Amino acid sequence: MALTITDECINCDVCEPECPNQAISMGEDFYVIDPKRCTECVGHFDEPQCVQVCPVECIPVDPANVEDKETLWAKYRRLQAQG
Ligand code: SF4
Ligand code: SF4
């Protein structure tokens, strides 16, 4: 599953530099996660780094982007190949 950021985001800028996949960017009103780039940090860390640092706990898993571990690993390898 990719993660998603809810409208509880306070735009504190803390998560964006922590993402190893450059999946987080500023959206129209608050930060957003690109589901094509979010691996739940699989391939990089044991825990999602954005969730670790978010002060308001507004980054749940995205039920619209359900993926198993194998799919997340495949996404990680694809992103690595892209450089
Ligand atoms: Fe980036 Fe990891 Fe958060 Fe996904 S879970 S947005 S890869 S920091
Ligand atoms: Fe928003 Fe949380 Fe990221 Fe801060 S860490 S910008 S509150 S999602």
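Every number for a ligand or one of its atoms is a count from 1 in the order of the listing. What you see is a predicted model, and the numbers here were worked out from it, not measured in a lab. Just so you know, residue 1 is the first one in the sequence shown, and it goes up from there.
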### Message
For a quick check under 3.5 Å, do Thr39 and Asn21 share a side-chain donor-acceptor pair by atom type?
### Response
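Side-chain D/A pair, Thr39 to Asn21: present.
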
### Task
Determine whether the side chains of Asp13 and Tyr31 contain a donor N or O and an acceptor N or O closer than 3.5 Å.
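Yes, because at least one side-chain N or O of Asp13 sits under 3.5 Å from a partner of the opposite role on Tyr31.
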
Atoms of ligand 2 less than 4.0 Å from [X] heavy atoms?
| X | value |
| --- | --- |
| Val56 | 7 (S) |
| Pro55 | 5 (S) |
| Ile5 | 8 (S) |
| Asp13 | 6 (S) |
| Ile59 | 8 (S) |

At what distance is the nearest protein heavy atom to [atom], and which residue and atom is it?
| atom | answer |
| --- | --- |
| atom 7 (S) of ligand 1 | Asn21 ND2, 3.4 Å |
| atom 2 (Fe) of ligand 2 | Cys54 SG, 2.4 Å |
| atom 3 (Fe) of ligand 2 | Cys15 SG, 2.3 Å |
| atom 1 (Fe) of ligand 2 | Cys9 SG, 2.3 Å |
| atom 8 (S) of ligand 2 | Cys58 SG, 3.6 Å |

### Query
For Val66 and Pro63, which heavy atoms make the closest approach, and how far apart are they?
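Heavy atoms only, the tightest pair is CG2-O, 3.2 Å.
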
### Task
Please report the closest heavy-atom contact between Arg37 and Leu79, naming both atoms and the distance.
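Result for this residue pair: O-CD1, 3.4 Å.
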
### Task
Please determine if Lys36 and Glu67 form a salt bridge, counting it only when a charged side-chain N lies under 4.0 Å from a carboxylate O.
no

### Message
If the cut-off is 2.8 Å, does any N/O/S atom of Cys38 fall short of it from atom 4 (Fe) of ligand 1?
### Response
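So Cys38 does bind atom 4 (Fe) of ligand 1 by this criterion.
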
#### Entry: Ile10 and ligand 2 - part of the residue with a heavy-atom distance under 4.0 Å
both

### Under 2.8 Å: N/O/S of Cys41 next to atom 2 (Fe) of ligand 1
yes

### Query
Hey, is the main chain of Cys38 close enough, under 3.5 Å, to the side chain of Glu40 for a donor-acceptor pair?
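Checking the backbone N and O of Cys38 against the side chain of Glu40, no donor-acceptor pair under 3.5 Å is found.
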
### Task
May I ask you to decide if Pro35's main-chain N or O and Lys75's side chain share a donor-acceptor pair within less than 3.5 Å?
yes

#### Entry: Per-atom contacts, ligand 1 versus Ile24 - under 4.0 Å to a heavy atom
6 (S)

### Message
Within ligand 1, which atoms have a heavy atom of Thr39 less than 4.0 Å away?
### Response
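That gives atoms 7 (S) of ligand 1.
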
### Message
Please say yes or no: joined through hydrophobic side-chain contacts below 4.5 Å, possibly via intermediate residues, are Phe30 and Ile33 part of one cluster?
### Response
yes

### Query
If you group Ile, Leu, Val, Met, Phe, Trp and Tyr by side-chain heavy-atom gaps below 4.5 Å, do Val51 and Val61 land in one group?
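They do share one cluster, since a chain of ILVMFWY contacts under 4.5 Å joins Val51 to Val61.
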
### Within reach of ligand 1, part of Val51 (heavy-atom separation under 4.0 Å)
neither

### Query
What is the distance from atom CG of Leu3 to atom CD1 of Ile24, rounded to the nearest 0.5 Å?
8.5 Å

### Query
Would you say Cys12 reaches atom 3 (Fe) of ligand 2 with an N/O/S atom under 2.8 Å?
no

### Message
With a 4.0 Å cut-off on heavy atoms, is Glu18 in contact with ligand 1?
### Response
no

### Message
Atom CD of residue position Glu57 - does it have more than 12 heavy atoms of other residues, nucleotides or ligands inside 6.0 Å?
### Response
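Open.
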
